[in-house]
Amino acid sequence: GAGVSQSPSNKVTEKGKDVELRCDPISGHTALYWYRQRLGQGLEFLIYFQGNSAPDKSGLPSDRFSAERTGESVSTLTIQRTQQEDSAVYLCASSLGTTAGANEQYFGPGTRLTVT
Amino acid sequence: LAKTTQPISMDSYEGQEVNITCSHNNIATNDYITWYQQFPSQGPRFIIQGYKTKVTNEVASLFIPADRKSSTLSLPRVSLSDTAVYYCLVGEQFVNRDDKIIFGKGTRLHILP
């Protein structure tokens, strides 16, 4: 079946502009995660959605970052007034649930964001 | 989330068995151990998950000693295509909302011909 998809695959933007990154999770997956990965670094957790619960936004690095999810489907990560340090690959993942045995995360291909 | 420590990098040769050990001294009773693999320009991919003793699937084996303070991912007869970054994660993800998924820098495995 279809995996997690993300769009755009690449985004180049000027400093100060806003960007929107989209994630389509696997159908039926209740949990959705956003991560940021800078070049040569590990993954940095940003935000997590689980069903209809309030999202865990504790990983968002600043108030310029926000994310929404429509029900248990599409999610959008928005970065306002982009800065050069926002340049990274933004990865989205989804999982059936969050408990052991159901928390295998399936990752999308990522969106490579470059802020010039 | 229990902190994990892995080697930064490892080299091995095709056909060899590779063992990558992860230390997690502060693992909690409810914590599971999960390993992911990441190829360049791709998102991580789940490899294996376990709680204790040994787990084996078609890709790898996971060895967990009785004290669970470490775990070893074993890749049998590696090939060049196993060159990737391998991440060890410990925790029952997001049961405690103070926990975060922390992948860390992982272990860069380089397979040589």
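Since we're looking at a predicted model, the values are computed, not measured. All chains are named by letter (A, B, ...) in the order of the sequence lines, taking the proteins before the strands, and each is independently numbered beginning at 1.
- No more than 12 heavy atoms of other residues, nucleotides or ligands lie within 6.0 Å of CD in A:E14, so this atom counts as exposed by the packing criterion.
- With a threshold of 4.5 angstrom between heavy atoms, B:Y87 approaches chain A through side-chain atoms but not through N, CA, C or O.
- Around atom OH of B:Y51, more than 12 heavy atoms belonging to other residues, nucleotides or ligands sit under 6.0 Å away.
- Taken together through direct or relayed side-chain contacts under 4.5 Å among Ile, Leu, Val, Met, Phe, Trp and Tyr, A:Y106 and A:L21 form parts of separate hydrophobic clusters.
- Surrounding CG of B:D67 are more than 12 heavy atoms belonging to other residues, nucleotides or ligands, all under 6.0 Å away.
- Note that CG of A:N103 and CD of B:Q49 are 4.5 Å apart. Values are rounded to the nearest 0.5 Å.
- The closest donor-acceptor contact from the side chain of B:Y36 to the backbone of A:Q105 lies under 3.5 Å.
- The most heavy-atom pairs under 4.5 Å with chain A, out of B:G106, B:S41, B:P44, come from B:P44.
- If you measure heavy-atom distances from A:Q50 to chain B, you find no contacts under 4.5 Å at all.
- For B:E14, the CD atom counts as densely surrounded, since its 6.0 Å shell holds more than 12 non-hydrogen atoms of other residues, nucleotides or ligands.
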